[in-house]
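Have a look at the structure below, then the notes.
The sequence lines fix the lettering, A, B, ..., with proteins before strands; numbering per chain opens at 1.
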Amino acid sequence: MIDVLYFAWVRERIGAPKDRVETQAATVADLVAELRAREERYEVAFSDLSALRVAVDQELTDFDAPLAGAREVAFFPPMTGG
Amino acid sequence: MIDVLYFAWVRERIGAPKDRVETQAATVADLVAELRAREERYEVAFSDLSALRVAVDQELTDFDAPLAGAREVAFFPPMTGG
Amino acid sequence: MSVRVQAESFDLGAEASRFASGRTDAGAIVTFSGVVRADGGLIEMEIEHYPGMTESAIGAIREEAVARWSLADALVIHRHGRMEPGELIMMVATAARHRGDAFAAAEFLMDYLKSRAPFWKKERRGDGDGWVAAKVEDEAALQRW
Amino acid sequence: MSVRVQAESFDLGAEASRFASGRTDAGAIVTFSGVVRADGGLIEMEIEHYPGMTESAIGAIREEAVARWSLADALVIHRHGRMEPGELIMMVATAARHRGDAFAAAEFLMDYLKSRAPFWKKERRGDGDGWVAAKVEDEAALQRW
């Protein structure tokens with residue numbers, strides 16, 4: 001089981017801040033493919049990966065990153081701090 | 001009559017913060033030559049012009065600057081503000 | 001505490017005074033403060049963040065700045081939640097022996113906070129809400145470090 | 001008063017607060033403060049200045065910064081006279097729409113104050129007094145503007 005978190009407009013499009021997902025996905029990209037297959041709102045949220053960033057266990061990474069051992073994956077748009 | 005002001009170690013070497021000088025010097029360099037001829041302490045203070053800066057009427061300038069109409073000339077080492 | 005992520009407002013003057021006080025090792029202290037601008041009829045800004053990751057990401061950025069410029073100290077305060085035009089969003093402060101290091105480290109911290117700390121700004125205006133888009137130039141600013 | 005030359009100490013926190021307060025036009029506020037370092041057994045620093053020229057030189061530098069970076073505001077406070085390690089010597093503050101301008105203007109002000117404002121620092125140590133020599137790198141820093 002992995003916690004999947006969504007922030008900003010990703011959260012709004014999916015309509016929830018978090019899912020708990022049972023998955024055998026090997027990489028972030030595999031997890032994204034599983035999520036997109038779920039429902040229209042996931043398909044919409046993940047339609048343009050270039051507009052998204054991902055963190056695995058609270059570390060920024062990319063969509064090729066392996067998920068072995070991961071507890072938490074988060075998807076969000078480019079950050080706008082400061 | 002021109003007020004000639006000295007700051008920092010120039011003031012210390014000359015032993016006074018200010019002179020009032022009757023001069024026909026056309027340029028700052030001419031004034032320096034007159035001052036150097038006065039006394040040993042002036043000769044020492046002005047021995048290395050590359051170590052000095054000059055302001056005429058409170059504006060930084062150089063040793064070629066004309067003195068026509070000037071009321072105040074100041075000599076000092078490179079500034080160390082901030 | 002050198003990194004604070006909080007909903008509450010903070011007092012720039014008090015923070016700057018505390019940060020600067022009693023330093024005899026660092027001759028140069030730089031602060032940067034970000035303020036909500038009243039551009040284009042902005043009513044309110046709301047900042048979302050990623051609890052847990054926010055603190056660790058900022059902590060890592062701060063450590064890197066301290067190591068890279070031999071800082072005597074560095075402080076980062078960043079708010080989340082709602083704030084109105086004129087309110088302070090965040091501040092950084094750096095202390096170093098010389099001004100070049102204090103300035104460079106503060107700019108580095110700002111560039112990284114802009115694009116690498118998990119905050120997202122939403123603007124509320126008379127004509128609706130909208131997420132602030134990341135700026136190409138903010139991402140580009142990271143290249144200089 | 002945007003330029004102050006004074007013997008009295010000043011309160012960084014109060015100055016920074018006052019400078020930043022009520023701004024809805026400038027999103028970025030930078031302050032720089034210079035502190036007397038306790039290097040090499042320094043007992044006291046004494047700063048001599050050129051009354052009259054100091055104010056006009058700093059005023060001109062400030063005006064140039066405001067024009068060049070479209071600053072919403074800029075403040076310079078510089079002390080003269082005697083001060084001990086840990087005391088504040090001076091500060092600058094800049095307010096601009098964006099951080100790049102606020103940082104650049106503050107660095108510009110500092111570079112010019114270092115080498116073009118008529119102040120001279122004398123250090124008093126256990127083993128005697130000495131005038132601080134201007135640094136080649138401070139003069140060189142002016143070239144970038």
Side-chain angles (χ1 to χ4, degrees), chain A residues 1-21 25 27-29 31-32 35 41-82, chain C residues 3 5 32-37 45-62 76-80 83 88-92 106-123 128-142:
Chain A
M1 294 289 277
I2 291 183
D3 285 329
V4 184
L5 278 54
Y6 313 111
F7 292 98
W9 59 253
V10 183
R11 173 180 55 70
E12 289 179 339
R13 287 191 195 171
I14 288 172
K18 185 175 172 175
D19 284 310
R20 277 183 68 77
V21 174
T27 67
V28 172
L31 174 63
V32 168
L35 292 169
R41 57 200 169 99
Y42 289 90
E43 174 64 29
V44 169
F46 289 102
S47 61
D48 177 11
L49 290 192
S50 74
L52 293 182
R53 300 292 179 267
V54 60
V56 172
D57 290 337
Q58 305 193 355
E59 292 271 357
L60 276 178
T61 183
D62 53 47
F63 289 86
D64 296 331
L67 284 184
R71 288 160 288 116
E72 185 173 299
V73 178
F75 296 101
F76 40 78
M79 293 155 275
T80 53
Chain C
V3 172
V5 178
F32 176 91
S33 319
V35 178
V36 181
R37 283 201 313 268
M45 175 170 279
E46 181 158 9
I47 300 182
E48 184 170 333
H49 79 122
Y50 184 170
M53 181 174 165
T54 315
E55 291 78 359
S56 61
I58 297 178
I61 293 164
R62 178 188 172 278
V76 179
I77 302 173
H78 205 302
R79 295 176 63 196
H80 55 85
M83 46 207 96
L88 288 171
I89 302 171
M90 50 78 63
M91 75 174 282
V92 306
E107 290 205 68
F108 168 89
L109 285 169
M110 286 309 304
D111 285 350
Y112 272 82
L113 288 171
K114 281 274 169 191
S115 305
R116 291 291 182 273
F119 293 100
W120 300 275
K121 292 191 180 109
K122 190 173 201 171
E123 295 179 336
D129 296 358
W131 292 98
V132 174
K135 287 186 198 153
V136 174
E137 59 263 38
D138 282 336
E139 186 65 32
L142 295 180

Problem - Neighbour count >12 (heavy atoms, 6.0 Å) for atom CD, A/Glu43 - result: yes

Completion exercise
Heaviest contributor of heavy-atom pairs below 4.5 Å to chain A, chosen from C/Ala133, C/Gly52, C/Ser56, is C/Gly52

Problem - Part of C/Ile89 lying under 4.5 Å from any heavy atom of chain A - result: side chain

Handout entry: Closest-packed option against chain A by number of heavy-atom pairs under 4.5 Å, given C/Tyr50, C/Tyr112, C/Phe32
Key = C/Tyr50

Problem - Heavy-atom pair count under 4.5 Å with chain A, highest-scoring of C/His78, C/Met110, C/Arg79 - result: C/His78

Completion exercise
The interface call for C/His80 against chain A, heavy-atom contacts under 4.5 Å, is neither

Exercise for the section: Answer with side chain, backbone, both or neither: which region of C/Ala60 has an atom nearer than 4.5 Å to a non-hydrogen atom of chain A? Expected result: neither

Exercise for the section: Could you look at C/Ala57 and say if it's the side chain, the backbone, both or neither that has a heavy atom under 4.5 Å from chain A? Expected result: neither

Exercise for the section: Residue by residue, scan residues 75-82 of chain A and write down, ordered by number, those that have a heavy-atom distance under 4.5 Å to chain C; if none do, write 'none'. Expected result: A/Phe76, A/Pro77, A/Pro78, A/Met79, A/Thr80, A/Gly81, A/Gly82

Side-chain donor-acceptor distances from residues 45-57 of chain A under 3.5 Å, at least two apart:
unit_1: A/Ser47; atom_1: OG; unit_2: A/Val44; atom_2: O; d: 3.0
unit_1: A/Asp48; atom_1: OD1; unit_2: A/Ser50; atom_2: N; d: 3.1
unit_1: A/Asp48; atom_1: OD1; unit_2: A/Ser50; atom_2: OG; d: 2.6
unit_1: A/Asp48; atom_1: OD2; unit_2: A/Ser50; atom_2: OG; d: 3.4
unit_1: A/Arg53; atom_1: NH1; unit_2: A/Ser50; atom_2: O; d: 3.3
unit_1: A/Asp57; atom_1: OD1; unit_2: A/Arg71; atom_2: N; d: 2.9
unit_1: A/Asp57; atom_1: OD1; unit_2: A/Glu72; atom_2: N; d: 2.8
unit_1: A/Asp57; atom_1: OD2; unit_2: A/Arg71; atom_2: N; d: 3.4

Practice task
Please collect all salt bridge (charged side-chain N to carboxylate O under 4.0 Å, His left out) contacts where either partner lies in residues 106-120 of chain C, sequence neighbours excluded, each pair once.
Solution key: C/Glu107-C/Arg144, C/Asp111-C/Arg144, C/Asp111-D/Arg99, C/Arg116-C/Glu139

Can you give the donor-acceptor pairs under 3.5 Å from side chains of residues 10-19 of chain A to other protein atoms, not counting sequence neighbours?
unit_1: A/Arg11; atom_1: NE; unit_2: C/Glu48; atom_2: OE1; d: 3.3
unit_1: A/Arg11; atom_1: NE; unit_2: C/Glu48; atom_2: OE2; d: 3.0
unit_1: A/Arg11; atom_1: NH2; unit_2: C/Glu48; atom_2: OE1; d: 2.5
unit_1: A/Glu12; atom_1: OE1; unit_2: C/Trp131; atom_2: NE1; d: 2.7
unit_1: A/Glu12; atom_1: OE2; unit_2: C/Lys122; atom_2: NZ; d: 2.2
unit_1: A/Asp19; atom_1: OD1; unit_2: A/Tyr42; atom_2: OH; d: 3.3
unit_1: A/Asp19; atom_1: OD2; unit_2: A/Tyr6; atom_2: OH; d: 2.7
unit_1: A/Asp19; atom_1: OD2; unit_2: A/Tyr42; atom_2: OH; d: 2.5

